[in-house]
Each structure stands twice: as structure tokens, then as C-alpha cells.
Amino acid sequence: MMISMLSISGSPGVSTLALASAIHAPDDARSCLVEADPIGSSPTMAGYLKGARRLEENSVVNLVAPNQRGDLPAAFTSQLVPLTGDGRVGVLPGLVHAGQAYTARVLWGPLSDLLAEMSISGDNVVVDAGRVGHAYYPWPMVTAADVVALVVRSERAAVAAARAGLEAIRRTLEGNRSRAPLGVIVVESGPYAGREVAQALGLPLLASVPYDATGAGEYSHGATLTGMRRRRSTYITRAPKLWRSYRDFAGSHRPDWLVATDDGSIQ
């Protein structure tokens, strides 16, 4: 399955959530995190891996030339950085800097096709698409997904901003006839419950995630929690259960712009 995560405003924790989702994806298949935020940098390389490798060595921008030569699949594999000892989980680090977004714009379509093929073959794919609104935003990486997740904090200002920008996302998905249902993942950092935020946005609730900065730090900063601190972390406890929510959502929702025909097919 391929899930693309994005935000409309602020920093609700998309990158941390995307990384946690990739690490805890079902272990019966490969798992890949793709950092496609056109703003650039790699939260995973700088945070989780603590800068252990230079970003220039492995980056999505390094796929532009191979794509032009028709060598994208092999180059994609070579650019992955392993996140687990067995190599089952890997990350394709993001752009080195924001100025490369223009160069990478021609890559988003072919790369989305490759990721969709990987998903069909059984791999788990998580795309960190960052904040919408950039001129060279990776929309093909979103419209090709099986599930699109808008990540929002449960705070009044965040919900208001999400409501203001939501229609643009809907129009893009519908205009591209995307088969991905759009749901909201609520980071419960404010006074509202996940279902309240989903209702305010008019979106189905994909998942609720507790706000736990200490636990999330294991993914965002490579922190190591042990003993009681780890057992009490609501974020660490919730993260391994997220993929089931994604699969259930994909199986029970479909975009309202797709119409079922008499033979049961979707158009």
C-alpha cells in the first residue's frame, strides 16, 4: 500500500509520523519512506540518523539524470538508505536544498509511477509530501497513492487553516481522478478530540495520534527511551498500530468523485 502524508499549515508532525509509519509497516514486505517535500532537507537523515551520512550522497535529486536515461528503478534502489539492520526499511532522502525543486519537478510523475508499481507488488510505501502550496509541489506523488492523509493538530488555528486550504486538495485529487480516499490524521495536541476535528473539516478520521513530544523524539531526533519512559510513551505505543488503521481506511472508503458502475467497477 502507498500512503501520502501532507499538511496545510504549521508543523503538525508529518515527517515524524511518516517515518514512524514506515518503520512499523508490516514486516512481511519491504518498506520505503520517500521524502518528497519540495522545501528540501531530510528530517530522517538529520534527526533519526543524527547526520551520520551526508545528504548529497543519497537524495531524491540524484534520480533526475537516471530517470532521463531510463534507469530510474535501479537508481532508486541505489539511493535508499537503510533504517533497519536487516535492510527491510529504507528512506529515499529529500532534496539537498529548496533550489533543487525546479529540477526535481520532472521526476515526480515517473517516481510516482514507480512507487505505485512497488505498492501493487506488495511493498509498503510512505510519502512525506510536506506542506501543500509550493510551485513545484509533488502532486503526482499524492494523486497516485492508495490513501492520502492530511495531518492536522487539534488546535483551533490549525483546524481553521486546514479548512481554508482543504478545497484545493480536493480539487486536485478529483481533477486527476485519484482513487485515493482523503482522510485526516489528528495529532491531539489541543483541546479537541480527533473526531471533533474530523467533523469540523468534513473529512473521515483516518487516525488519532497522541501528542507526546518525548516519545516522538525517538523518531524525529533518534532519541533512545528505555524502561518506564518507553513503556509510558503514548506515541511509541500508538505508532505500531497505525498501519492497520491505514489498511482499514483504504478498504472502507473511496473518493466521492468516483462512481460505481452496474458491474461493480469504479470510474
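Side chains are part of it too, since the values below use all heavy atoms of this structure and drop only hydrogens, waters and symmetry mates.
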Look only at the side chain of [X] and the backbone of [Y], and say whether a donor-acceptor pair between them is shorter than 3.5 Å.
X: Ser112; Y: Gly109; value: yes
X: Asn67; Y: Leu111; value: no
X: Asn62; Y: Glu56; value: yes
X: Glu188; Y: Gly194; value: yes
X: Ser7; Y: Val151; value: no
X: Arg30; Y: Val125; value: no
X: His221; Y: Ala223; value: no
X: Arg238; Y: Ser208; value: yes
X: Thr237; Y: Thr234; value: no

- request: Check whether Trp139 and Ile39 end up in the same hydrophobic cluster, where Ile, Leu, Val, Met, Phe, Trp and Tyr are linked by side-chain heavy atoms less than 4.5 Å apart.
  value: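 Per the 4.5 Å side-chain linkage, Trp139 and Ile39 are not co-clustered.
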Distance (rounded to the nearest 0.5 Å) between [X] [atom1] and [Y] [atom2]:
X: Leu92; Y: Leu63; atom1: CG; atom2: CG; result: 5.5 Å
X: Glu174; Y: Leu182; atom1: CD; atom2: CG; result: 12.0 Å
X: Thr44; Y: Leu33; atom1: OG1; atom2: CG; result: 5.0 Å
X: Met141; Y: Leu115; atom1: CE; atom2: CG; result: 5.0 Å
X: Thr214; Y: Arg232; atom1: OG1; atom2: CZ; result: 12.5 Å
X: Leu150; Y: Leu6; atom1: CG; atom2: CG; result: 6.0 Å

For [X], does the [atom1] atom have more than 12 heavy-atom neighbours from other residues, nucleotides or ligands under 6.0 Å away?
X: Arg247; atom1: CZ; value: yes
X: Arg105; atom1: CZ; value: yes
X: Gln199; atom1: CD; value: no

task: Determine which pairs satisfy side chain to side chain donor-acceptor pair (under 3.5 Å) with at least one residue from residues 144-154, sequence neighbours left out, and list them in order.
output: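 Checked against side chain to side chain donor-acceptor pair (under 3.5 Å) - neighbours excluded - the pairs reaching residues 144-154 are Ser119-Asp146.
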Between [X] and [Y], which heavy-atom pair has the shortest distance, and what is it?
X: Ser4; Y: Ala145; result: OG-CB, 3.5 Å
X: Val81; Y: Pro93; result: CG2-CG, 4.0 Å
X: Pro43; Y: Glu35; result: CD-OE2, 3.4 Å
X: Ala158; Y: Ser9; result: O-OG, 4.5 Å
X: Trp243; Y: Met1; result: CZ2-O, 4.1 Å
X: Arg230; Y: Leu225; result: CD-O, 3.4 Å

Are the side chains of [X] and [Y] in touch, meaning some heavy atoms are under 4.5 Å apart?
X: Val184; Y: Leu206; value: no
X: Leu80; Y: Asn58; value: no
X: Leu114; Y: Glu117; value: yes
X: Val209; Y: Leu242; value: yes
X: Asn124; Y: Pro26; value: yes

message: Would you say Ser178 and Asn176 are linked by a side-chain donor-acceptor pair, where the criterion is simply a distance under 3.5 Å?
response: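 No - no donor-acceptor pair under 3.5 Å links their side chains.
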query: With no hydrogens and no angle check, do the side chains of Thr16 and Tyr235 hold a donor and an acceptor under 3.5 Å apart?
result: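 No donor-acceptor contact under 3.5 Å links the two side chains.
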- request: Test Arg170 against Leu203 for side-chain contact (heavy atoms from CB on, under 4.5 Å), laying out the working first.
  value: CA-CA 11 Å; Arg170 289 185 186 272; Leu203 288 177; 3.3 Å; yes
Side-chain donor-acceptor distances from residues 131-138 under 3.5 Å, at least two apart:
unit_1: Arg131; atom_1: NH2; unit_2: Gly10; atom_2: O; d: 3.1
unit_1: His134; atom_1: ND1; unit_2: Tyr136; atom_2: N; d: 2.9
unit_1: Tyr137; atom_1: OH; unit_2: Ala129; atom_2: O; d: 3.1

message: For Met5 and Ser21: C-alpha separation, side-chain torsions, deciding distance, then whether side-chain contact (heavy atoms from CB on, under 4.5 Å) applies.
response: CA-CA 10 Å; Met5 299 184 180; Ser21 297; 3.4 Å; yes
query: Where do Leu49 and Leu83 land on the side-chain contact (heavy atoms from CB on, under 4.5 Å) test, with the steps shown first?
result: CA-CA 8 Å; Leu49 296 179; Leu83 296 177; 3.9 Å; yes
- request: Please determine which of Leu173, Val127, Ile169 meets the side-chain contact (heavy atoms from CB on, under 4.5 Å) test together with Val142.
  value: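 By the side-chain contact (heavy atoms from CB on, under 4.5 Å) criterion, Val142 pairs with just one of Leu173, Val127, Ile169: Leu173.
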Aromatic plane relationship, Tyr48 with Tyr219 - under 30° parallel, 30 to 60° tilted, over 60° perpendicular: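 Aromatic pair Tyr219/Tyr48 classed parallel.
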